[in-house]
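This report refers to the structure that appears directly beneath it.
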There are 4 protein chains.
Amino acid sequence: MAATEEKRRQILDAAVRVFARTGYHDSRVGDIAKDAGVAYGLVYHYFESKDAVLEAVFREAWGRLLAAINEVERSQQPAPEQLRLVTKIVLRTWRDDPDLVRLLVREITRSPHLQREIDEIAEAFAALERIVAHGQREGTIRATLDARLAAWMLYGALEEILTGWVLGQLRDTPDDVAAAERAVAETLIAGFLS
Amino acid sequence: MAATEEKRRQILDAAVRVFARTGYHDSRVGDIAKDAGVAYGLVYHYFESKDAVLEAVFREAWGRLLAAINEVERSQQPAPEQLRLVTKIVLRTWRDDPDLVRLLVREITRSPHLQREIDEIAEAFAALERIVAHGQREGTIRATLDARLAAWMLYGALEEILTGWVLGQLRDTPDDVAAAERAVAETLIAGFLS
Amino acid sequence: MAATEEKRRQILDAAVRVFARTGYHDSRVGDIAKDAGVAYGLVYHYFESKDAVLEAVFREAWGRLLAAINEVERSQQPAPEQLRLVTKIVLRTWRDDPDLVRLLVREITRSPHLQREIDEIAEAFAALERIVAHGQREGTIRATLDARLAAWMLYGALEEILTGWVLGQLRDTPDDVAAAERAVAETLIAGFLS
Amino acid sequence: MAATEEKRRQILDAAVRVFARTGYHDSRVGDIAKDAGVAYGLVYHYFESKDAVLEAVFREAWGRLLAAINEVERSQQPAPEQLRLVTKIVLRTWRDDPDLVRLLVREITRSPHLQREIDEIAEAFAALERIVAHGQREGTIRATLDARLAAWMLYGALEEILTGWVLGQLRDTPDDVAAAERAVAETLIAGFLS
DNA sequence: GATGAATGAGATTTCATTCAT
DNA sequence: AATGAATGAAATCTCATTCAT
């Protein structure tokens, strides 16, 4: 069973690399198998379909993000600080797992059935929204702001920064990353404040 | 000649509808031809490939957006006001041409060769950046802000709002659209101010 | 009408060049039109189909060869000398019209309906056979030889030499050409003698 | 593994039949698959492309011919006798594998990249040439003859006889075949002698 | 669990031919 | 006669999925 899980893991990790490199549609199932060092058919032993592989990758990635956001949410800090922490978490993903970011940035809006329907994605957005709403109740965030809209704008800004890094259009040295975190905090999040 | 251009137009318009409905990859060239009311082969008379059709659509759409942004840029207003106008232009596209927005939102980062490489897209981003930089020179925008980063954040927020509308996750009545414009102005753009 | 025939000529000449360069199947009708400097549709004004163009080229080429052979046949010389003259005529085509030879060598046995069914081709072979038979009657050629077989062997040897030149596998300076003529005369034709 | 090679064999054999019947260009890959009794895609499992199938057929056929010629070459007989044996081998192919001959005769000069570039073909011609050269050294063949030219003439004559049989223009009863062998020996090869 | 040969539907693209002007 | 846009059938090739071992 441990061995079993290991193969599944290998396939999943390979999928991230392959999808990141070639894009979902231009990646063949065989590429994933080869990159994972397993037999062609084994992919179908662990996953229903190629699509299911992508979904599993997404689910896992967003699951981790969701867990991190949830932890932030449970912390006793004021909402603006929580948003800064989320910003940091999201942006640091680029350093921690660039292939995953490449994949998310490229395929997030694709694949009809995946479209944000994955529970984990919806949950993450909901969590962001709750943090904003909580800030409004505690008086740190402007009450007139539409919490959901704020959550989406924040996420959009973050994703676009990641996109800039993926495309090589924005600089991404550690200093640049830190600067980006500050920029989000000092402009967007600052704009939320009451 | 007029007739010639007319067919090309029909194909391009049909492509927007079809791609918006089914997504680029799941659309067949035959669908475009049928929707345009022309023969299969005519698509290939006017375009090199299916990909070239998508690129032509993009180029045209971003060309229009770029023209609008350029006009705003040439206006004699202060930078923050210009950014508000751009916001308005981008967000109003949803009402004016929802299929086009659906297409842009879904396929924009896809298609390896299209990726931001299209001159028009790069130009639009550059124009946004210039407006921010100009605001810094005229003293209306915080000098410490990274102009490029600001441009990307702004665009990211706008695109994410459009995405929310496309996915039916954000409300989009005229009032909601106006509220979104205000929200961007009062939070993100306000955060740029000095 | 002169102008008319001129266009037909242009198309036919262009066809030889294009077919020689690209081969029949890989040549497009548009290529011929462009090379001839006429409009696409005009090809179909003068010829029933792409295939008919090839047939016309063949018919003309073999018609010329046939005329030359017939002239040789009518000359009052002994059969072996006549065969030597035919050899000379066939092999000199390479210098005179290399594109035509390229085309003949590449496409002669292909194209199902053309297969030696063209009267001119059959006629040329028949003329060769008659020369051999005549030689047998006049006593210059071995009576035990199968005249038809001899005609085919001779033509085969000639075509293969042309093929060697087309493929660049046999040398083709004027001296080489003369040597080839001699070789055919001194081996094959000499082998026919009684 | 045996089963694997079996399918490949089936496809190759079917290809010979189908190409012989319809000609390369008018044969569809599906026809080959159907004739071989395998699924469409399997052809592409074993071969890169339709062209690669043809090349494999050629390579194999010429490989066999080459092996036979090489064996003749290694025999200790005088060159003229060796040439007679080669003649016999080539002409007997018509009886042994008429489909293969049909294919070779029709498509040999086709396909730009195949043109005599296939090593096996070049090798076969080279072997013929070596036999002639060897005959010149041993004094059985005229020293003034161009060995390469002689090899090409011989092969041309043989191929044309095969062509005559394929096209039904030359008679091909066993007696006719034997007569053809003799004709080649007594005219062409005899012409080589010193 | 693991393998990879086998399947076959489906999509893009080509291009000979037609036809309105 | 001349033009070239328009048509649409057909063919190659791809690749997700299945399945026998």
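The figures here come from the full heavy-atom set of this structure, side chains too, leaving out hydrogens, waters and symmetry mates. All values derive from a computational prediction rather than experimental measurement.
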Without decimals, in angstroms, what is the distance between B:Y44 OH and E:dA11 P? 12 Å
For the residue pair C:K50 and C:L54, establish whether any side-chain heavy-atom pair is separated by less than 4.5 Å. no
To the nearest Å, give me how far apart NE2 (B:H45) and P (E:dA16) are. 15 Å
Given E:dG1, E:dA5, E:dT12, the nucleotide with the shortest approach to the side chain of B:K50: E:dT12
In the strands shown, is E:dA11 matched to any nucleotide by a Watson-Crick or G-U wobble pair with both distances under 3.5 Å, and which? F:dT12
Consider the side chain of C:Y46, meaning its heavy atoms from C-beta on, and name the nucleotide among F:dA6, F:dA16, F:dA2 that approaches it most closely. F:dA2
Counting heavy atoms from C-beta on, name the nucleotide in F:dC13, F:dA2, F:dT17 closest to the side chain of A:Y40. F:dT17
So, applying side-chain hydrogen bond (donor to acceptor under 3.5 Å, both in side chains) with A:R17, which one of A:D99, A:D35, A:T22, A:D31 is it? A:D35
Checking base pairs now: Watson-Crick or wobble, both atom distances under 3.5 Å. What partners E:dA16? F:dT7
Nearest whole angstrom, please: distance from the P of F:dA20 to the CD of D:E6. 17 Å
For the side chain of D:R28, counting heavy atoms from C-beta on, which of E:dT3, F:dA2, F:dA11 is nearest? F:dA11
Assigned partner base of F:dT21, Watson-Crick or wobble definition, under 3.5 Å: E:dA2
Nucleotide nearest C:V29 when distance is taken to its side chain, options E:dA6, E:dA2, E:dA16: E:dA16
Nearest to the side chain of D:A39, which nucleotide is it out of F:dT3, F:dG8, E:dT7? E:dT7
Is a side-chain N or O of C:K34 found less than 3.5 angstrom from the main chain of C:V29, in a donor-acceptor match? no
Rounded distance in Å - CD1 (B:I32) to C1' (F:dG8): 16 Å
From NE2 of B:H25 across to C1' of E:dG10 the rounded distance in Å is 14 Å
C:F47 and C:E55, any side-chain heavy atoms less than 4.5 Å apart: no
What's the CD-P distance between D:Q10 and E:dA5, to the nearest Å? 16 Å
With rounding to the nearest 0.5 Å, note down the distance linking CZ in C:F58 to CG in C:L103. 5.0 Å
Upstream residue (5' side of DNA chain F) when D:G30 and A:S49 are each assigned their closest nucleotide: D:G30
Roughly, in whole Å, what's the span from CG in C:L42 to P in E:dT17? 16 Å
